[in-house]
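Let me begin by presenting the structure, written as structure tokens, before commenting on it.
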Amino acid sequence: MKQFSELYQSLDQTTKTNAKIAAIQSYFQRAPTTDAAYAIYFLLGNKLRPSIPTRTLRVAAIQASGIPAWLLEHSYEWVGDLAETLAAIVPETNQHSQESLSTWVEEKLAPLSRLSQEQQIDQLIACWRALTSMQRFVMNKLITGNFRVGVSQKLLTRALSDFSGVPVETLAHRLMGGWEPTAQAVDALLRAEDGEQNISRPYPFCLANPLPGRVEEVGECSAYLAEWKWDGIRAQIIRREGQTFVWSRGEELMHGRFPEIEAWAAKLPDGTVLDGEILGWHSERPLPFLQLQRRIQRLRPGPKLLAEVPVIYVAFDLLESYGIDRREWTLGQRRSELEKVVSSLETIGDNNNIPLIRLGPPVLGDSWEKLAIQREQARELGAEGLMLKSLTACYEVGRVTGTWWKWKLDPYQVDAVLIYAQRGHGRRAALYTDYTFALWDGDRLVPFAKAYSGLTDQELRRVDRWIREHTLQRFGPVHEVEPHWVMELAFENVQLSNRHKSGLAVRFPRIVRIREDKPIEQADTLERVKAMIDAGQRNLAYDE
């Protein structure tokens with residue numbers, strides 16, 4: 001635990017990539033293999049499950065420190081981070097544990113969830129008293145599921161590559177499909193030769209960058225394939241050794257959630273891996289993402305849901321064929337092979353002969369001006385804009401400049417009123433930065449969307465001071481504030497929803513700017529936002 005806490009401290013104290021890589025390499029040079037397995041597990045963003053309720057942590061901290069509950073809450077409000085607050089108020093001891101990270105996780109932290117609340121409290125106090133303040137802080141982060149330290153998977157693989165000599169691309173592929181924190185997994189990850197193949201393992205996804213400015217800046221139009229950018233679930237379909245696996249971009253195996261697509265995938269030749277998008281589909285157009293979410297949330301959808309939210313898979317790339325990795329091929333070559341694979345699929349079932357695995361159609365235009373005209377039709381088709389993909393590029397790992405570009409439509413924008421606020425997370429934990437905004441419905445303000453990004457640090461501090469001075473009432477961590485601030489919000493899509501007071505749900509809301517020039521009476525109305533919903537979607541958009 002000592003070495004892992006020192007690693008966390010080193011990573012947390014720097015924003016420099018090379019310094020973080022050096023800290024990770026130093027840790028792996030010294031740590032036992034079993035500890036290294038858990039370090040990779042946590043640095044990849046995995047969590048101990050289930051986490052311990054914060055109420056239990058508070059009770060344990062009060063008993064361990066002897067301070068009253070009100071003082072704990074006052075300290076928390078001042079510090080802004082519960083893990084740090086609890087680590088600081090527990091008195092220091094001279095008996096510091098030297099046990100390894102793996103011992104702590106397997107024998108002390110993981111078993112906590114299986115204990116009664118009284119036993120949890122006793123165990124927490126015993127653990128805290130055996131650790132230094134920094135070690136307690138890291139432990140608290142682990143058991144609350146809030147362990148974040150600014151290390152991306154790309155940075156981790158780069159550090160491990162420098163440490164082991166295994167290429168970054170190979171490590172990224174081996175880490176796909178879930179990580180088991182075992183010594184055997186570490187040995188398999190870092191060995192020079194790839195051993196036996198995991199037939200379910202997906203490939204690391206190629207990701208797109210937003211356009212840097214004007215579309216003409218990326219080069220000639222003829223150098224790119226243009227496709228519609230859909231708002232669905234990015235997924236790889238894998239067909240190997242007679243078995244089918246469907247993986248999300250978040251590395252979740254979605255077995256059983258889309259049985260109709262799996263049935264079609266069974267017709268693919270062995271040794272085939274497709275990259276594409278799962279879309280809710282009705283009347284030859286995509287359903288709103290909120291509808292598709294209903295399918296995501298069900299491990300085994302019933303007949304009613306299957307009928308209400310039918311899906312298709314739009315394939316736009318081929319990563320493997322006949323068991324051979326094709327990622328080094330150019331997009332033009334991969335696309336040609338993909339067309340053959342998709343066209344060879346036989347119609348199965350009685351789905352009105354609707355193909356459930358389809359080829360993503362190219363968007364035609366021999367100039368940027370013509371493609372721009374096509375792009376303006378995206379919302380009518382249920383798309384978000386265009387994807388531009390270099391025809392000569394191989395299939396890269398992660399975001400590589402110049403390979404794929406997102407040419408999205410301009411977002412929707414409204415002026416909304418700030419009505420609720422609560423503290424942020426991480427470095428913003430001491431500031432009120434998470435906001436709820438409202439729109440007018442007649443003469444009343446109705447909550448409409450939550451947003452927490454878009455303002456500068458200076459603006460956040462200014463709004464934070466105002467919130468503290470103009471809070472009307474509190475609901476736990478949420479402060480209701482006097483309606484005063486009008487801010488311009490941007491969002492990607494809007495749909496009807498009976499889960500929200502406003503009757504609307506928006507995708508990816510964020511703050512564009514503070515509207516100093518607008519009084520709250522001039523903020524937008526719900527009716528204006530409802531008018532933005534595509535008329536063709538109105539009868540399909542209501543989520544249950």
Side-chain angles (χ1 to χ4, degrees), residues 11-17 19-20 76-84 146 148-152 154-155 207-214 217 384-385 399 401 405-439 445 447-472 474 477-494 506-524 529:
L11 294 172
D12 189 52
Q13 290 177 345
T14 183
T15 58
K16 296 181 178 179
T17 298
K20 290 188 176 187
Y76 173 38
E77 189 163 330
W78 180 264
V79 174
D81 183 277
L82 183 61
E84 185 176 353
N146 292 318
R148 292 185 292 270
V149 70
V151 173
S152 67
K154 187 174 182 179
L155 189 148
L207 305 176
N209 286 294
L211 281 176
R214 296 169 58 248
E217 295 175 19
E384 296 182 318
R399 286 187 174 85
T401 301
W405 299 104
K406 293 183 286 190
W407 191 14
K408 298 177 69 172
L409 292 172
D410 294 334
Y412 295 107
Q413 293 185 329
V414 296
D415 293 324
V417 180
L418 173 65
I419 59 170
Y420 299 115
Q422 62 187 99
R423 293 181 184 275
H425 298 84
R427 70 182 184 89
R428 293 181 170 183
L431 299 174
Y432 289 93
T433 62
D434 291 10
Y435 306 140
T436 299
F437 292 92
L439 299 176
L445 286 168
F448 161 68
K450 294 183 178 182
Y452 52 85
S453 64
L455 298 184
T456 65
D457 288 346
Q458 182 179 357
E459 288 172 328
L460 288 172
R461 288 191 293 270
R462 178 186 171 202
V463 176
D464 174 78
R465 286 193 299 271
W466 187 92
I467 289 169
R468 294 172 187 272
E469 296 170 359
H470 294 83
T471 294
L472 300 177
R474 295 177 60 174
V478 179
H479 286 226
E480 181 184 0
V481 298
E482 174 188 330
H484 168 77
W485 293 95
V486 177
M487 300 188 193
E488 185 176 317
L489 304 185
F491 50 92
E492 299 305 319
N493 204 350
V494 56
V506 295
R507 290 269 282 161
F508 305 128
R510 64 269 190 194
I511 304 166
V512 177
R513 59 175 172 150
I514 297 174
R515 294 301 306 263
E516 305 276 9
D517 58 321
K518 277 200 171 185
I520 62 170
E521 292 79 13
Q522 293 181 17
D524 281 310
V529 179

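For reference, positions follow the sequence shown, starting with 1.
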CH2 on W485 to CD on E459, rounded to 0.5 Å: 8.5 Å
I514 vs V486, side-chain contact (heavy atoms from CB on, under 4.5 Å): CA-CA, chis, key distance, verdict: CA-CA 6 Å; I514 297 174; V486 177; over 6 Å; no
CZ-CG distance between R465 and L460, expressed to the nearest 0.5 angstrom: 11.0 Å
Centroid-centroid under 6.0 Å between F508 and F491 rings: no
Side chains of N493 and E384 in contact at under 4.5 Å (non-hydrogen atoms): no
Charged N-O contact under 4.0 Å between K406 and E492: no
Nearest non-hydrogen partners of D524 and V414, listed with the distance: OD2-CA, 3.3 Å
Side-chain heavy atoms of L455 within contact of M487, under 4.5 Å: yes
Any donor-acceptor pair under 3.5 Å from D464 side chain to Y432 backbone: yes
E469 (side chain) donor-acceptor with W466 (main chain) under 3.5 angstrom: no
Distance in Å, D81 CG paired with N146 CG, rounded so as to fall on 0.5 Å steps: 8.0 Å
Trace of the side-chain contact (heavy atoms from CB on, under 4.5 Å) decision for V463 with L418: CA-CA 10 Å; V463 176; L418 173 65; 4.2 Å; yes
Contact summary for R461 and L431, nearest pair of heavy atoms: CG-CD1, 4.3 Å
Value rounded to 0.5 Å, distance of CG in D415 from CZ in R515: 4.5 Å
R468 side chain reached by T471 side chain, heavy atoms, under 4.5 Å: no
side-chain contact (heavy atoms from CB on, under 4.5 Å) evaluation trace for V151 with L11: CA-CA 8 Å; V151 173; L11 294 172; 3.8 Å; yes
Sidechain-backbone polar pair: R510 side chain, G454 backbone, donor-acceptor under 3.5 Å: no
E516, CD: over 12 other non-hydrogen atoms inside 6.0 angstrom: yes
Separation of K450 NZ from T436 OG1 (nearest 0.5 Å): 5.0 Å
For V417 against A523, the heavy-atom pair lying closest together: CG2-CB, 3.6 Å
pair K20-L155: side-chain heavy atoms closer than 4.5 Å: yes
Heavy-atom closest pair, residues L489 and A449: CD1-CB, 4.5 Å
Which atom of K518 lies closest to which atom of Q522, heavy atoms considered: NZ-O, 3.6 Å
Between Y420 and H479, a side-chain donor and acceptor under 3.5 Å: no
Minimum side-chain heavy-atom gap P447-I419 below 4.5 Å: yes
Minimum heavy-atom distance I520-H484, with the two atoms named: CG2-O, 3.5 Å
Geometric class of the Y435/F437 ring pair [parallel <30°, tilted 30-60°, perpendicular >60°]: perpendicular
